[in-house]
Amino acid sequence: MRKPIIAGNWKMNKTIEDALTLIEGLKLELADCMDVEAVVCPPFTALKVVGDEIADTQIKLGCQNMSSEDDGAYTGEISHTMLKELFVKYVILGHSERREYYKETDFWVNKKVKKALEKNLRPIVCVGEKLEDREAGNTESVVEAQVRGSLADITAEQFKDVVVAYEPVWAIGTGKTATSEQAQAVHKFIRGVIADMVGQDAADGLRIQYGGSMKPDNAKELLSQPDIDGGLIGGAALDARSFAAIVKAGM
Ligand code: PEP
């Protein structure tokens with residue numbers, strides 16, 4: 001019912017030349033992959049060349065951030081119009097690195113999510129607890145607050161275009177993956193919160209990705225959990241073979 005979605009977040013990596021090498025490799029690896037939605041999110045500077053390369057493939061284009069404003073005096077920002085001009089379909093919002101280093105709050109993430117949906121871009125909305133939250137037994141309350149805050153005022157109809165990524169911060173880039181049981185428990189909890197917000201049907205249709213050191217060797221087990229509908233991949237998305245292996249693990 002929910003088509004798995006595997007998205008690669010290239011973060012601040014890859015020059016244009018390196019991005020071309022990676023996407024050319026991925027095109028070969030994923031030529032016959034129809035059952036899983038594969039999304040690549042290069043840095044802004046490589047969106048055009050990567051988008052041109054994948055225009056006639058199943059691979060979709062995403063980006064890593066977006067302004068909540070339409071246009072004007074917002075130095076350093078990128079608007080929805082600029083992204084759509086490059087055929088971007090997905091936009092990662094509220095990644096923990098943006099929350100941590102750029103102090104993005106749920107309020108701002110929510111403003112961006114609303115703008116993305118209004119302009120027909122699909123947000124991948126990241127939530128996840130820090131290690132100290134988990135150790136203090138606050139995982140659910142922290143994640144619930146992020147879900148309710150980042151997705152406030154989104155209708156059941158709009159939820160069809162939303163993807164949520166559960167990314168425990170302690171598992172990002174650390175090599176420490178949540179166990180499949182830990183991840184499944186939080187995914188199920190998030191689906192319950194969404195059901196409370198907008199109803200069971202919308203919650204059942206929502207795709208929830210896991211992110212945090214997902215690799216070819218742990219992807220299958222994570223992706224076989226009933227509430228895990230894909231992955232948001234950092235480090236392993238920088239190599240065509242390993243990203244393709246994760247995509248194929250979702251088939
Ligand atoms: C991420 O940053 O979204 C992520 C999951 O990174 P990694 O796969 O490297 O842990």
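These numbers come from the heavy atoms of this one structure, side chains and all, not from hydrogens, waters or symmetry mates. Both ligands and their constituent atoms are indexed starting at 1 by order of listing.
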Which atoms from ligand 1 have a heavy atom of [X] less than 4.0 Å away?
X: G235; result: 7 (P), 8 (O), 9 (O)
X: K11; result: 1 (C), 2 (O), 6 (O)
X: G173; result: 7 (P), 9 (O), 10 (O)
X: G212; result: 5 (C), 10 (O)

Top protein contact for atom 3 (O) of ligand 1, by heavy-atom distance: E167 OE2, 2.6 Å
Atom 4 (C) of ligand 1 [closest protein heavy-atom partner, distance rounded to 0.1 Å]: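 Protein heavy atom with the smallest distance to atom 4 (C) of ligand 1: G234 N, 3.6 Å.
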Same apolar cluster (I L V M F W Y, side chains within < 4.5 Å links), I233/L26: yes
Parallel, tilted or perpendicular: rings of H187 and Y166 (30°, 60°):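 The rings of Y166 and H187 stand perpendicular, inter-plane angle above 60°.
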Backbone or side-chain N or O of K215 under 3.5 Å from ligand 1 N or O: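 For ligand 1, there is no N or O atom that lies under 3.5 Å from one belonging to K215.
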Pairwise distance NZ(K115) to CE(M66) - rounded to 0.5 angstrom: 7.5 Å
Would you say [X] contacts ligand 1, with heavy atoms under 4.0 Å as the rule?
X: A236; answer: no
X: H95; answer: yes
X: A171; answer: yes

Whether over 12 other heavy atoms sit under 6.0 Å from D201 CG: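 Incorrect, the count does not exceed 12.
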Atom NZ of K130 with >12 non-hydrogen neighbours under 6.0 angstrom: no
Non-hydrogen side-chain atoms of L47 and F87 separated by less than 4.5 Å: no
Side-chain donor-acceptor pair present, D227, Q184, cut-off under 3.5 Å: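 Indeed, the side chains of D227 and Q184 share at least one donor-acceptor pair under 3.5 Å.
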